[in-house]
Protein chains: 2
Amino acid sequence: MSAVLLIEDDDRIRLSLAMALEDEGYQTHAVPTAEEGLEMQRRQPADAVLVDLMLPGMDGFECIRQLRRTDDVPIIVVSARDDTHDIVAGLEAGADDYVVKPVAVKELAARLRALRRRGRSASATPAVTVLTFGDLEIRPEAGEVRLHGEPVAVTRTEFRLLCELAEHPGQVLSRQQLLSRVWEYEIGDERLVDVHVGRLRHKIEDSAGKPRHLVTVRGLGYKLQP
Amino acid sequence: MSAVLLIEDDDRIRLSLAMALEDEGYQTHAVPTAEEGLEMQRRQPADAVLVDLMLPGMDGFECIRQLRRTDDVPIIVVSARDDTHDIVAGLEAGADDYVVKPVAVKELAARLRALRRRGRSASATPAVTVLTFGDLEIRPEAGEVRLHGEPVAVTRTEFRLLCELAEHPGQVLSRQQLLSRVWEYEIGDERLVDVHVGRLRHKIEDSAGKPRHLVTVRGLGYKLQP
DNA sequence: CGGTTTCGTCACGCAACCGTCACATGCCCG
DNA sequence: CGGGCATGTGACGGTTGCGTGACGAAACCG
């Protein structure tokens, strides 16, 4: 599965294209402006970018140039304008391909595959597994936790606790189990777990009062909701 | 200067396109059949191939597949047929791009440049792997490190440390793992790693206080961020 | 042989983290 | 409705982890 970022201001086209891409098996993020697209790509890089040229605010050409300053991601221009001048300008700005709307999604998918084949191998891409719980991402090998794509600072015990829960999604783990697996205490104060769960919640929950991920099951323990 | 092979059966198009490409600065070989094209590419490989789909004898699809068996050269289909089915089939056969006739030579040239930018395929360039982490480049074989394109003087242990981290981008490596892989100490003072990391940081980070690449993950170890 | 670079060790100090406790809050059930 | 128990939370030392500067030994190089 690969992720695609779609930057297109026309609501109808954006939504329908996004849905069509999802159907083709692409995880799609769609935004209406170049600014949002750049922000998105910075926070959560996609594997390919589709960009319209005529956008409110920053236009597509400038968007491509900005992207190219830091990113080697495949870029396809998807524009209604079909004159040679625009095509050349788009490609010269740094795009890899240029298609004219309306375009069949099958064709887009084929062009994405062609680009991926060709794709640069040199740039370093982390090969880390990601455990996803809604807007919460956990990368065990990277020692990293992200909420809404933003890295969250988590301490070592909190991280181990979170990983332990994440390895058993939706399953309740008792305080005793957690003590034993995270702390390697066979006996100890179970309240210790509460404290760390509490601290963790403030970091990975939008509202610590009403946790959506790290839920307590009264009398039994805690679990991490998918 | 780069050489282009044009495979197109229509005499008028072939000749006019070849001339136009010459004007754009491409050294062009134009042939009317797939068989001749393959022979040509075998004897005198061009840097890019333009191929029509409807050809007498072997058709364009088969021609592309044959080419791809031995050659990683950029291929652009130049066809009169503009339906999705053909486009997808052409790209799936191994082409990198597909344009519909009539096409402006300026556009063709821009697409060739875009492909060349992306190019760098295994067979085209000698494999000097370069690991890129934003503005940081590491060439293991060359024993070279560059920051913002500027070479940075790094000692031998620092270099090996850096390579070890770079080979696992985004992954946390513990001090113990680093000691064992870089120093081949199975036991030893883990603080040794800290010291070298610290020294390395002063060289490859713009601000050693707030490292952007060589990040420490408290309680776990270090990692190199893409 | 003298100077320079690199390496490993050590000690110090700051900052972050951890575990404990005490208290507040909320939930269950009679 | 109210007691009792389970859980949340805030504060507070003690501890640990990490960055850093200094130093001597070893290696390297002219």
Side-chain angles (χ1 to χ4, degrees), chain A residues 143 145 151-165 172-224, chain B residues 143 145 151-165 172-224:
Chain A
V145 178
V152 178
V154 174
T155 74
R156 186 165 58 108
T157 18
E158 284 161 9
F159 187 69
R160 297 225 294 232
L161 176 59
L162 188 55
C163 286
E164 193 57 45
L165 287 162
V172 181
L173 297 182
S174 72
R175 284 154 230 271
Q176 187 50 59
Q177 285 176 308
L178 291 169
L179 264 182
S180 135
R181 297 188 197 175
V182 176
W183 281 267
E184 288 164 14
Y185 289 177
E186 292 315 317
I187 51 165
D189 188 357
E190 302 196 339
R191 309 302 314 285
L192 179 56
V193 181
D194 300 16
V195 176
H196 281 277
V197 165
R199 296 208 253 251
L200 191 47
R201 280 215 256 249
H202 278 100
K203 299 181 180 179
I204 64 167
E205 297 283 1
D206 294 320
S207 154
K210 298 166 194 62
R212 288 171 46 236
H213 300 118
L214 214 176
V215 185
T216 132
V217 182
R218 199 182 170 80
L220 294 178
Y222 298 97
K223 67 174 171 179
L224 198 61
Chain B
V145 178
V152 178
V154 176
T155 73
R156 193 165 56 98
T157 21
E158 284 162 8
F159 187 69
R160 288 175 55 182
L161 176 59
L162 188 56
C163 286
E164 194 56 46
L165 287 162
V172 180
L173 297 182
S174 72
R175 285 153 227 274
Q176 187 51 59
Q177 286 176 309
L178 291 169
L179 264 183
S180 134
R181 297 187 197 175
V182 176
W183 282 267
E184 288 163 17
Y185 290 178
E186 290 316 318
I187 50 165
D189 189 358
E190 303 195 338
R191 311 303 312 284
L192 177 56
V193 181
D194 301 15
V195 177
H196 281 276
V197 165
R199 298 209 250 251
L200 191 47
R201 278 215 256 249
H202 279 101
K203 299 181 179 178
I204 63 167
E205 297 283 0
D206 294 320
S207 155
K210 296 166 194 61
R212 287 173 47 238
H213 299 117
L214 214 176
V215 185
T216 133
V217 182
R218 191 178 238 275
L220 295 178
Y222 297 98
K223 67 175 170 180
L224 199 61

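Computed over heavy atoms, backbone and side chain alike; hydrogens, waters and symmetry mates excluded. Note on naming: letters A, B, ... go to the chains in the order of the sequence lines (proteins, then strands), and numbering restarts at 1 for each one.
How far CG of A/L165 is from NE2 of A/H213: 13.0 Å, rounded to the nearest 0.5 Å. We find the CD1-CG distance between A/I204 and A/L224 to be 6.0 Å, quoted to the nearest 0.5 Å.
Axis angle between the ends of the helix from C/dC1-D/dG30 to C/dG30-D/dC1, five pairs each and rounded to 10 degrees, works out to 40°.
Residue contacts for A/Y222: at a heavy-atom cut-off of 4.0 Å it reaches the sugar-phosphate backbone alone, with no base atom in range. At the heavy-atom level, B/G188 lies nowhere under 4.0 Å from the strands shown.
For the salt bridge (charged side-chain N to carboxylate O under 4.0 Å, His left out) condition, the pairs that include at least one residue of residues 151-160 of chain A, sequence neighbours left out, are A/E158-A/K203.
We find that CZ of B/R201 is positioned 8 Å from C1' of D/dG19, with the value rounded to whole Å. Across the protein-nucleic acid pair, A/K210 atom NZ and C/dG26 atom C1' stand 13 Å apart, rounded to whole Å. Look at CZ on B/F159: it is 13 Å from P on C/dC7, rounded to the nearest Å. Counting to the nearest Å, the P atom of D/dA11 and the NE2 atom of A/H202 are 11 Å from each other. If you measure from atom CG of B/L220 to atom P of D/dT16, you get 18 Å, rounded to the nearest angstrom. Atom CD in A/E205 sits about 11 Å away from atom P in D/dT9, given to the nearest Å. Distance NZ (A/K223) to C1' (D/dT7): 17 Å, rounded to an integer number of Å. A/L178 has its CG atom 12 Å from the P atom of D/dT7, to the nearest Å.
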Dump the pairs, protein N or O against N or O of nucleotides 16-20 of chain C, anything under 3.5 Å, distances to one decimal.
unit_1, atom_1, unit_2, atom_2, d
C/dC18, OP1, A/T155, OG1, 3.3
C/dC18, OP1, A/T157, N, 3.0
C/dC18, OP1, A/T157, OG1, 2.1
C/dC18, OP2, A/T155, OG1, 3.0
C/dC18, OP2, A/T157, OG1, 3.3
C/dC18, O5', A/T157, OG1, 3.1
C/dG19, OP1, A/W183, NE1, 3.3
C/dG19, OP2, A/W183, NE1, 3.1
C/dG19, OP2, A/H196, NE2, 3.0
C/dG19, N7, A/R199, NH2, 3.0

Atom pairs under 3.5 Å, N or O on each side, protein against nucleotides 26-30 of chain D: can you list them with distances?
none

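For B/V193, the side-chain contact (heavy atoms from CB on, under 4.5 Å) partners at least two apart in sequence or on another chain are B/R175, B/L178, B/L179, B/W183, B/V197, B/Y222. Applying the side-chain contact (heavy atoms from CB on, under 4.5 Å) test to B/Q177 and every residue at least two apart in sequence or in another chain returns B/L173, B/S174, B/R181.
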*Full working for side-chain contact (heavy atoms from CB on, under 4.5 Å) between A/F159 and B/V217*: CA-CA 11 Å; A/F159 187 69; B/V217 182; over 6 Å; no

*Please walk me through it: do B/L200 and B/L214 pass side-chain contact (heavy atoms from CB on, under 4.5 Å)?*
CA-CA 9 Å; B/L200 191 47; B/L214 214 176; 3.7 Å; yes

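With A/H202 contributing its side chain and A/G198 its backbone, the two residues share a donor-acceptor pair below 3.5 Å.
Residues A/L161 and A/E164 have side chains not in contact (no heavy-atom distance under 4.5 Å, counting atoms from C-beta outward). Contact annotation: the side chain of B/V154 never approaches that of B/L162 to less than 4.5 Å [non-hydrogen atoms, C-beta and beyond].
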